[in-house]
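Single-structure report; data block below.
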Amino acid sequence: MTNAIWFRSDLRIYDNPALIAASESNDPVIAFYFFTPDQHRKHHTGSVKLRFMLENLVELKHDLAKLNIPLVALLASDYGSSVALLKKLCQQHNVRQVFANSEIELNEQIRDHQATRELDKIGSTICFSQDQTILSPQDILTGASKPYRVFTPFKRAWIKTIQKTGLQSLPLPTARPKTNAVSTSAEEILSWEAPVDANQYWKPGSQEAFRRLEEFTATAIERYRDERDHPSLTATSQLSPYLAVGAISVRSCMLQALLANNFEWDSGSQGILTWINELIWREFYKHLSCHYPELSKGAAFNQKTALIPWSRDMEHFTRWKEGLTGFPLVDAGMRQLNTIGWMHNRLRMVTAMFLTKQLFIDWHLGEAYFMQKLIDGDYAANNGGWQWSASTGADSAPYFRVFNPTRQAERFDAKGDFIRHWVPELSQLGPKQIFDPNPFERQTTGYPATMVDHRESVEHVKQAFKMAQAMEAI
DNA sequence: AGCGGGTTACA
DNA sequence: GTAACCCGC
């Protein structure tokens with residue numbers, strides 16, 4: 001008898017619940033993977049992340065080989081055909097039990113139900129483990145057994161629960177008995193998606209992820225609270241791409257941070273506690289997408305905001321995408337995203353709020369564009385972040401809280417270093433001019449005029465939200 | 001994880 | 001003048 005592990009967004013052998021479950025008996029194990037680019041593109045995932053997934057898959061293949069687990073990877077179009085291929089492979093390799101880590105998103109859940117039904121027809125079973133979050137969405141509910149909709153009480157409950165259950169990572173499985181199955185070649189895997197320029201900035205693999213985690217928790221994490229909002233510093237972990245493809249587990253990250261803080265949840269290093277807080281935000285958003293599947297279909301979390309008449313000005317949208325808004329920090333952030341497939345979190349908030357509150361463009365457009373460009377594109381975190389900025393979300397920014405991009409630059413890029421790097425046409429401007437060049441400086445550097453007036457935009461957005469609230473009351 | 005306008009309390 | 005605080009949006 002042979003067991004199979006079906007890899008999806010958990011491309012690692014370390015701390016992998018499904019892999020451990022598949023390795024409990026002494027049976028050999030085969031790994032399956034189905035690359036479904038058409039499906040991912042429907043979810044707006046772009047080339048940078050798709051290529052990164054494949055590069056990580058190749059790393060995984062090498063790691064699996066050390067455990068005598070061959071990786072059979074196939075190209076499929078969508079989830080439906082991946083289920084058909086799974087069934088076929090199970091018959092071909094005489095697999096009775098498939099193990100996989102469950103995923104929270106709606107189409108992924110539907111796929112997994114289909115897989116369960118289809119495998120049942122051939123007498124095979126599929127067994128799911130919990131992996132995407134440290135605690136299951138069912139474990140963190142209010143006294144009335146409802147999901148938390150506000151972060152702070154969620155966090156309180158989350159920490160109380162983890163203190164009860166404890167936190168452990170899983171061991172590596174021992175090497176499996178050998179099988180005859182043949183691994184798919186790295187060349188074939190990499191032929192499914194060509195690299196784009198942004199991929200050169202991100203080395204794939206679990207080893208690289210752990211290296212980054214160890215380096216971060218040994219040094220920068222102590223300064224994380226004070227420096228994380230300054231995009232010119234390397235003050236964040238930059239682990240999100242690895243979490244998004246599952247090259248590292250969030251459990252490993254949390255454990256490493258806790259270890260550095262002597263297993264304290266509420267005292268010790270402020271830097272570490274702030275980073276842990278961000279990991280719990282990640283749990284919060286993933287739990288919400290699980291509890292509210294309509295979010296996956298584009299619903300606003302706050303129903304009242306569904307009536308807001310967002311702008312569809314495509315010319316404005318294009319200027320935002322290309323980093324030509326005339327607001328230096330906004331443009332710097334967008335150009336960073338377009339170039340390296342990643343944007344500093346402070347700038348994700350600044351650029352998202354600029355699109356939604358100053359250009360008044362539908363947050364769904366920004367959400368899709370981020371997914372298209374981000375190497376760390378994660379549905380729950382991205383949707384949560386966009387709805388936070390647009391003030392349509394759970395525990396989001398109040399609608400009247402609108403970042404002033406010029407002030408944000410003065411506060412978080414005080415020397416203008418980040419702007420100078422990403423908006424090189426402004427690099428020669430002085431320390432004051434860099435934040436808001438005058439018309440002459442804009443003309444001579446070829447930098448565009450500001451496309452909107454901050455104060456007017458803020459007035460407009462406030463009126464629109466008030467109107468939507470009034471409509472709701474009727 | 002706001003902004004901007006106002007008031008107060010000082011130099 | 002201006003820093004510190006307060007408040008409504």
Side-chain angles (χ1 to χ4, degrees), chain A residues 148-156 158 223-231 233 235-237 240 270-288 300-302 304-305 307-308 325 327-330 333 343-360 363 366-367 370 378 380-414 418 435-436 450 452-473:
Chain A
Y148 285 95
R149 299 163 65 99
V150 180
F151 176 71
T152 308
F154 172 88
K155 179 186 169 181
R156 224 174 277 131
W158 194 96
R223 303 187 298 272
Y224 180 75
R225 184 191 56 175
D226 303 322
E227 296 187 355
R228 66 186 180 128
D229 280 320
H230 298 264
L233 307 174
T236 63
S237 72
S240 53
Q270 287 306 306
I272 295 174
L273 293 177
T274 306
W275 197 62
I276 286 175
N277 195 59
E278 296 305 305
L279 293 180
I280 301 176
W281 266 104
R282 183 179 183 278
E283 299 268 306
F284 181 56
Y285 282 144
K286 288 207 180 252
H287 282 203
L288 285 176
F301 189 87
N302 182 346
K304 286 178 202 162
T305 63
L307 295 169
I308 288 176
T325 66
F327 289 89
L329 191 64
V330 173
M343 198 198 302
H344 188 280
N345 186 59
R346 165 59 53 177
L347 300 184
R348 294 190 198 199
M349 296 193 281
V350 170
T351 57
M353 218 174 248
F354 185 83
L355 185 75
T356 54
K357 304 273 181 69
Q358 253 130 288
L359 301 184
F360 202 57
W363 56 272
E367 180 193 18
F370 269 28
D378 173 89
N382 191 48
N383 179 271
W386 272 94
Q387 294 216 48
W388 183 88
S389 296
S391 303
T392 65
D395 204 6
S396 58
Y399 68 85
F400 47 79
R401 182 185 290 167
V402 182
F403 291 158
N404 177 330
T406 313
R407 288 266 313 246
Q408 289 284 309
E410 287 163 357
R411 283 172 64 185
F412 300 115
D413 189 29
F418 188 82
F435 301 120
D436 184 15
T450 52
V452 285
D453 178 79
H454 179 248
R455 296 180 58 140
E456 282 173 23
S457 306
V458 172
E459 274 319 301
H460 181 74
V461 85
K462 283 183 184 175
Q463 289 306 316
F465 269 86
K466 271 193 255 179
M467 190 81 85
Q469 281 179 354
M471 302 269 283
E472 164 79 8

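In what follows, every chain begins at residue 1, and chains take the letters A, B, ... in the order their sequences are listed.
- Contact check for A/Thr274 versus A/Arg228: side-chain heavy atoms found under the 4.5 Å cut-off.
- Counting to the nearest Å, the P atom of B/dG4 and the NZ atom of A/Lys462 are 9 Å from each other.
- Whole-Å rounding puts the A/Arg407 CZ to B/dC3 C1' distance at 7 Å.
- At whole-Å resolution of the value, CZ in A/Phe354 and P in B/dG2 are 19 Å apart.
- Here B/dG2 is the nucleotide among B/dG4, B/dG2, C/dC9 with the atom lying nearest to any side-chain atom of A/Gln408.
- Between the CZ atom of A/Phe465 and the P atom of B/dG2 there is a distance of 15 Å, given to the nearest Å.
- Here the closest heavy-atom approach between residue A/Gln469 and residue A/Lys304 is recorded as CG-CD, 4.4 Å.
- When the side-chain nitrogen and oxygen atoms of A/His454 are compared with OP1 and OP2 of B/dG4, one or more of them lie within a distance under 4.0 Å.
- Between A/Tyr399 and A/Phe465, the ring planes are parallel. Angles under 30° get that label, and only those over 60° would be called perpendicular.
- Residue A/Arg348 is out of contact with every strand shown, counting any heavy-atom pair closer than 4.0 Å.
- Atom CZ of A/Arg411 and atom P of B/dG2 are 8 Å apart (whole Å).
- Atom CZ of A/Arg401 is separated from atom C1' of C/dG8 by 14 Å (rounded to the nearest Å).
- At whole-Å resolution of the value, CE in A/Met353 and C1' in B/dG2 are 8 Å apart.
- Nucleotide B/dC3 holds its P atom 6 Å from the CG atom of A/Asn404, rounded to whole Å.
- Of the side-chain N and O atoms in A/Arg455, none sit less than 4.0 angstrom from OP1 or OP2 of C/dC9.
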Could you please spell out the steps behind the side-chain contact (heavy atoms from CB on, under 4.5 Å) verdict for A/Ser389 and A/Arg348? CA-CA 9 Å; A/Ser389 296; A/Arg348 294 190 198 199; over 6 Å; no
